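For clarity, every value in this text was computed on a predicted model and none was experimentally measured. Note that ligands are numbered from 1 as they come in the structure, with each ligand's atoms numbered from 1 the same way. Numbers here simply count residues along the sequence, with the first being 1.
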Amino acid sequence: MSQWVQRDSRFVSWNTQEGITAIFTTRLGGVSMPPFDTLNLSFNVTDSPAAVAANRQRIMDVVDRKMDQLVMAEQVHHNRVGWVETADASKGAFRSADALPGLDGLLTRRTDVVLGMGFADCVPIFIAVPRHHIVGLLHAGWRGTVKGVQLRAVSLLKEAGIDPQDIEIGMGPSIGPCCYEVDDTVACRFDELLGAQSPLVPAREGHYFLDLWEANRAQFVRAGIPEAHIDISRLCTACHRDQFFSYRRDHGRTGRMGGFICMS
Ligand SMILES: [Zn+2]
């Protein structure tokens with residue numbers, strides 16, 4: 001039974017534990033002009049910064065937080081994950097230049113920050129450890145998935161004394177196995193990583209459809225997280241043009257949705 005629900009056109013929610021707010025935005029309900037129409041949340045595309053700031057403010061209103069509580073990661077398609085503290089609040093919120101450098105994963109124990117990242121096909125992975133009052137957010141495209149951003153996050157949590165059995169995972173909308181065609185070079189990396197579990201289906205000559213949700217799920221299960229604790233929305237960003245931006249479908253000229261998580 002999926003805990004991903006949509007009650008508002010501007011976002012889908014991962015309904016995990018009481019007190020945890022985890023949302024993934026759509027492209028609807030913002031002020032940006034094409035091709036960023038309308039709820040683009042990234043300063044790193046050529047959208048008007050004023051429009052991005054207005055869109056971000058709308059989403060902070062949705063989660064009932066202030067803009068200076070938001071913390072964004074730089075996102076470099078690698079595997080580094082960091083702990084976010086109260087002192088990090090507002091980094092990356094008003095400009096991308098001061099986003100937390102070199103990170104594709106954020107974890108926090110703090111209730112006064114909102115973790116955020118931008119997405120347009122890569123997998124947004126939400127983490128909740130309610131028993132230990134921890135939330136997290138990861139950015140996993142094919143590179144981050146192969147480099148093990150999900151395993152790095154689990155390692156950091158284990159180092160903090162957390163049992164993987166207490167970790168809950170929610171994977172939000174991203175490009176699905178229906179639309180994500182990759183070439184031999186990328187396919188080989190997944191064969192090396194997952195062997196017989198490699199989530200590839202042959203497409204045209206030398207190309208395969210890759211299931212990033214399954215690849216990340218397999219890695220989390222290997223790391224000791226119960227299968228029942230992994231909830232995948234299975235919404236494909238490329239299939240739903242009206243609802244989501246898709247980097248692949250839109251040939252790179254598009255906006256970014258946002259993943260946000262915080263707790264009370
Ligand atoms: Zn699709």
- Would one find more than 12 heavy atoms of other residues, nucleotides or ligands at under 6.0 Å from atom CZ of Arg217? yes
- Message: Could you work out, with side chain to side chain donor-acceptor pair (under 3.5 Å) as the rule, every residue matching Asn15, not counting sequence neighbours?
- Response: none
- Is Arg248 salt-bridged to Glu181, cutoff N-O under 4.0 Å? no
Under 3.5 Å donor-acceptor pairs involving side-chain atoms of residues 130-139, not counting sequence neighbours:
unit_1 : atom_1 : unit_2 : atom_2 : d
Arg131 : NH1    : Asp166 : OD1    : 3.3
Arg131 : NH1    : Asp166 : OD2    : 3.3
His133 : NE2    : Ser264 : O      : 3.4
His139 : ND1    : Asp104 : OD1    : 2.7

- Within a radius below 2.8 Å of the Zn ion (ligand 1), how many protein N, O or S atoms are present? 4
- From Phe244 atom CZ to Asp250 atom CG, the distance as rounded to the nearest 0.5 Å: 13.0 Å
- In the hydrophobic clustering that connects Ile, Leu, Val, Met, Phe, Trp and Tyr at side-chain heavy-atom distances below 4.5 Å, which members other than Leu39 occupy its cluster, ordered by chain and number? Phe11, Ile23, Leu41, Ile59, Met60, Val62, Val63, Met67, Leu70, Met72, Phe94, Val114, Phe260
